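Everything numeric in this text was worked out from a predicted model, so none of it was measured. So that the names make sense, note that chain A is the first sequence line, chain B the second, and so on, each numbered from 1.
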Amino acid sequence: MTARKRYWLMKSEPDAFSIDDLEKVGVEPWNGVRNYQARNFMRSMQVGDGVLFYHSNCKEPGVVGTAAVASAAYPDETQFNRKSDYYDPKSTREEPRWSLVDVKFDRKLARTITLEEIKRHTDALGEGFALTQRGSRLSVMPVTAAQWKLLLSLE
DNA sequence: GCCAACGTTGGC
DNA sequence: GCCAACGTTGGC
């Protein structure tokens with residue numbers, strides 16, 4: 001039951017949902033992920049896992065805060081909603097395609113750990129790190145304990 | 001706003 | 001099952 005705590009990095013566009021938004025609401029269902037790899041990572045998450053909150057597609061992309069996984073994976077409601085941008089006509093209640101987890105605010109970093117800065121540590125982070133991998137657009141990815149420690153040590 | 005890289009779709 | 005076309009992501 002009590003698996004060791006694991007770590008993740010989750011991207012969000014601050015224009016859509018920022019770390020400040022998460023601080024305001026406290027807990028947020030991480031809806032709208034429509035990539036199988038990212039979905040599978042969320043399905044393997046456990047309550048209490050650590051999350052690096054990353055701002056993407058913005059002026060200063062980078063890690064801006066930490067959060068925690070607050071639920072096991074469950075179906076993403078937006079896939080059933082015709083009016084939602086995330087509506088998936090091929091998904092059914094019986095066999096939902098898309099899952100999400102609830103994410104709970106932990107803290108904002110004193111400053112943004114920018115992507116530019118993170119790239120300078122590419123070697124230490126290792127080749128398998130999707131964030132610094134050329135062409136990777138994965139929005140939810142695993143982070144090792146060592147990577148977690150290294151990234152937060154830059155704060 | 002541009003565009004490279006990637007994932008998905010659909011015709012065959 | 002291949003692959004061209006298309007849509008999206010996300011850094012710059």
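- If you take OG1 on A/Thr66 and NZ on A/Lys108, they are separated by 12.0 Å, rounding to the nearest 0.5 Å.
- Going from atom CG of A/Leu9 over to atom P of C/dG10 covers 11 Å, rounded to whole Å.
- Considering only heavy atoms from C-beta on, A/Val103 stays 4.5 Å or farther from A/Phe17 through its side chain.
- To the nearest angstrom, C1' of B/dC6 lies 14 Å from CE of A/Met141.
- Between A/Lys119 atom NZ and C/dG10 atom P there is a gap of 13 Å when expressed in whole angstrom units.
- Residue A/Tyr54 contributes atom OH, which lies 8 Å from atom C1' of C/dG11 at whole-angstrom precision.
- Atom-to-atom, OH of A/Tyr86 to P of B/dT8 comes out at 17 Å; the value is rounded to the nearest Å.
- The pair A/Asp76-A/Arg97 does not meet the salt-bridge criterion, since no charged nitrogen lies less than 4.0 angstrom from a carboxylate oxygen.
- Side-chain proximity of A/Lys11 to the nucleotides C/dG11, B/dG10, C/dG10 is greatest for C/dG10.
- Dense packing is recorded around CD of A/Glu155, with more than 12 heavy atoms of other residues, nucleotides or ligands lying under 6.0 Å away.
- Nearest to the side-chain atoms of A/Arg97 among the listed nucleotides C/dG11, B/dT8, B/dT9 stands B/dT9.
- A straight line from CG of A/Leu115 to C1' of C/dG10 spans 10 Å, rounded to a whole angstrom.
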Side chain to side chain donor-acceptor pair (under 3.5 Å) evaluation trace for A/Asp21 with A/Ser18: CA-CA 5 Å; A/Asp21 294 326; A/Ser18 70; 3.3 Å; yes

Evaluation steps, side chain to side chain donor-acceptor pair (under 3.5 Å), between A/Ser56 and A/Arg137: CA-CA 10 Å; A/Ser56 68; A/Arg137 296 176 306 167; over 6 Å; no

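- The interatomic distance linking A/Asn35 (CG) with B/dC6 (P) rounds to 13 Å, in whole Å.
- Among B/dG10, B/dT8, C/dG10, the nucleotide with an atom closest to any side-chain atom of A/Ser56 is C/dG10.
- With respect to A/Trp30, the ring pair (Phe, Tyr, Trp, His ring centres under 6.0 Å) criterion is satisfied by exactly one of A/Tyr74, A/Phe53, A/Tyr86: A/Phe53.
- When each of A/Gly135 and A/Lys90 is assigned the nucleotide of DNA chain B bearing its nearest heavy atom, the one mapping closer to the 5' terminus is A/Gly135.
- Of the residues in residues 12-19 of chain A, not one comes within less than 4.0 Å of DNA chain C through any heavy atom.
- Atoms CZ (A/Arg137) and P (B/dA4) sit 14 Å apart, rounded to a whole Å.
- Across C/dG11, B/dG10, B/dT8, the shortest atom-to-atom separation from the side chain of A/Tyr36 is found for B/dT8.
- Between A/Asn57 and A/Arg34, it is A/Asn57 whose nearest contact on DNA chain B lies nearer the 5' terminus.
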